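Just the heavy atoms: all of them, side chains too, but no hydrogens, waters or symmetry mates, feed the values below. Counting starts at 1 for both ligands and their atoms, in listed order. No experiment lies behind these values; they were computed from the predicted model shown.
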Amino acid sequence: MSKIAMKTPLVEMDGDEMTRIIWKQIKDIVIEPFVDLKTEYFDLGLEYRDQTNDQVTVDSAIRTQELGVAVKCATITPNAQRVEEYKLKEMWKSPNGTIRAILDGTVFRAPIMTSCITPFVSSWKQPVTIARHAYGDVYRDSEMVIDGACKAELLLTMPDGSTKKQIIHSFDGPGVLLGMHNTDKSIYSFARSCFNYALDVKQDLWFATKDTISKQYDHRFKDIFAEVFAAEFKEKFEAANIEYFYTLIDDAVARIMRCEGNIIWACKNYDGDVMSDMIASANGSLAMMTSVLVSPDGKYEYEAAHGTVTRHYYRYLKGQKTSTNPMATLFAWTGALRKRGELDGIDDLMAYADAVETAAIETIESGIVTGDLKNLMNHENIRVVDTEDFLREIAANIKL
Ligand code: NAP
Ligand code: MG
């Protein structure tokens, strides 16, 4: 059988620990036997990030802007313990943060669903995808503990030195205070990424804020979404037969629990942080959550939602075989290859990506799983295998 040819290379961002091991296994066992894989390789493993003073991360993001599609392995975000462990020159920033800032993107997270793992929310038949705005609000705030009586005000100083003031509260005793912000630029990018992604996957888009209470701040989000939708997306949504739906955040939460899925739920930063954990745990396992960063101008970076699975890696280093779940990382690869196929007009590549995903889901549905899924399965005949054997089963199931 001849291998499927590619035109434009994928930006390949390698990573750390257990996921770095899985990365190579996926390529060796599931991809390279079928595809004449073309990538531009960037080593985002912590050692090489340190050697290049993190320039490799910046370079990989810039190349993603040029080529349009990247696939990323999980990477270590260094903390004090990692600085010591890897003898780092500096506590380098989170690669995901760096890449997201350069691409100005929004992260979409969706569970991989199978018939033998029932979500805790029984109405969900298809995935609920969360889009989290990843800038500002309480994550970039300024906070104060108030010791006693005082008058708190908002103060704006204009470039010409003139000022504007607004009372927040006259304290007559101790309390707390916070100031937060967002920018129109970031909200417009968030809105465009969400509308583009909804069109891409042909799913309805929901967006919710608390604009009845926050009449300026949250209302600004609602207005920008409405404006971008009317000016740029309304007709495209009609043509694709999908809807944009705005509601209050409490109403959205109530409706999500009753919906069948197959929707994208766009959330402000805090709502997205909280709700993505809710969606992940309601679907059973972090190892089954996919993640894609989409820029407002349609550049894509696919990855798994989980980290480098450090505890499994230490077992691997002792020579033990691990049963780490490669599904989310595998779906990052298929997502990227499908998108590359779509952009370059390679039907075989798109069909291959579909076939791998089908084979992976059928493998789980046949009862062959990694250890993390064992207790979640409604299945008579479960066989727990190690990562490599799981990938071999998938490769053997691929029907082209
Ligand atoms: P993690 O790597 O997601 O793992 C947490 C635990 O979840 C694991 O110990 C494991 O539980 C389970 N798990 C996660 N993925 C799994 C998989 N594919 N198969 C089976 N079990 C899985 O999070 P962490 O341990 O908090 O973080 C480890 C490193 O990853 C950190 O250095 C962090 O900076 C980095 N990180 C990177 C990203 C990213 O690049 N996007 C995201 C998050 C964290 P058991 O041990 O109980 O089996
Ligand atoms: Mg969270």
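Between Gln166 and Glu153 there is no side-chain heavy-atom pair separated by less than 4.5 Å. The shortest distance between side-chain heavy atoms of Asn182 and Tyr217 falls below 4.5 Å. In this structure, the side chains of Ile146 and Pro174 stay at 4.5 Å or more apart for every pair of heavy atoms.
Remark: minimum distance from atom 14 (C) of ligand 1 to any protein heavy atom is reached at His306 CB, 3.9 Å. Regarding atom 7 (O) of ligand 1, its nearest protein heavy-atom neighbour is Leu286 CD2, 4.8 Å. At the shortest separation from atom 17 (C) of ligand 1 among protein heavy atoms lies Ala287 CB, 3.4 Å. In terms of protein heavy-atom proximity, atom 48 (O) of ligand 1 is nearest to His312 NE2, 2.8 Å. For atom 41 (N) of ligand 1, the nearest protein heavy atom (residue, atom name, distance) is Glu303 OE1, 3.4 Å. Protein heavy atom at the shortest distance from atom 28 (C) of ligand 1 is Thr310 OG1, 3.2 Å.
Cation-pi contact between Lys268 and Phe221: present, with separation from the ring centre below 6.0 Å and deviation from the ring axis of at most 45°. Because its NZ or CZ atom is both nearer than 6.0 Å to the ring centre of Tyr139 and within 45° of the ring axis, Arg132 counts as a cation-pi partner of that residue. Seen from the ring of Phe237, Lys234 does not count as a face-on cation partner, given the 6.0 Å and 45° thresholds.
Proximity of Arg82 to ligand 1, defined as any heavy-atom pair under 4.0 Å, is confined to the side chain (atoms from C-beta onward). In Arg311, the part holding a heavy atom less than 4.0 Å from any atom of ligand 1 is the side chain. Heavy atoms of Asn96 found under 4.0 angstrom from ligand 1 belong exclusively to the side chain.
Atoms of ligand 1 found under 4.0 Å from any heavy atom of Ala74 (numbered from 1 in listed order, with element): 40 (O).
Taking the charged nitrogens against the carboxylate oxygens, Asp184 and Arg220 do have a contact shorter than 4.0 Å, which makes a salt bridge.
Distance check for atom 20 (C) of ligand 1: a protein heavy atom is found below 4.0 Å.
Under a 4.0 Å heavy-atom criterion, Lys72 is in contact with ligand 1. Residue contacts with ligand 1 do not include Glu17, since none of its heavy atoms lies under 4.0 Å from the ligand.
When all heavy atoms are compared, the tightest approach of Met257 to Ser123 is O-OG, 3.0 Å.
When each of His306, Lys72, Met18, Gln25 is tested with Thr329 by the rule side chain to side chain contact (heavy atoms under 4.5 Å, CB included), just one qualifies, namely His306.
Here's the thing with Thr324: none of its N/O atoms is less than 3.5 angstrom from an N/O atom of ligand 1. For ligand 1, the polar-atom distance check against Val309 finds a nitrogen or oxygen pair separated by under 3.5 Å. Residue contacts with ligand 1: Thr77 is placed with a nitrogen or oxygen under 3.5 Å of a nitrogen or oxygen of the ligand (distance criterion only). Where the criterion is an N or O separation shorter than 3.5 Å, residue side chain and backbone included, Asn325 meets it with respect to ligand 1.
Among Ser323, Pro326, Gly307, the residue whose heavy atom lies nearest to atom 44 (C) of ligand 1 is Gly307. Comparing Thr308, Thr75, Thr329 against atom 37 (C) of ligand 1, the shortest heavy-atom distance belongs to Thr75.
Within the structure, every pair that satisfies the side-chain hydrogen bond (donor to acceptor under 3.5 Å, both in side chains) test and touches residues 110-120, not counting sequence neighbours, is listed here: Ser115-Glu365, Thr118-Asn378.
Proximity of the aromatic rings of Phe195 and Phe225 is defined here by a centroid distance below 6.0 angstrom, and this criterion is met.
Other residues, nucleotides and ligands place more than 12 heavy atoms under 6.0 Å from the CZ atom of Phe245.
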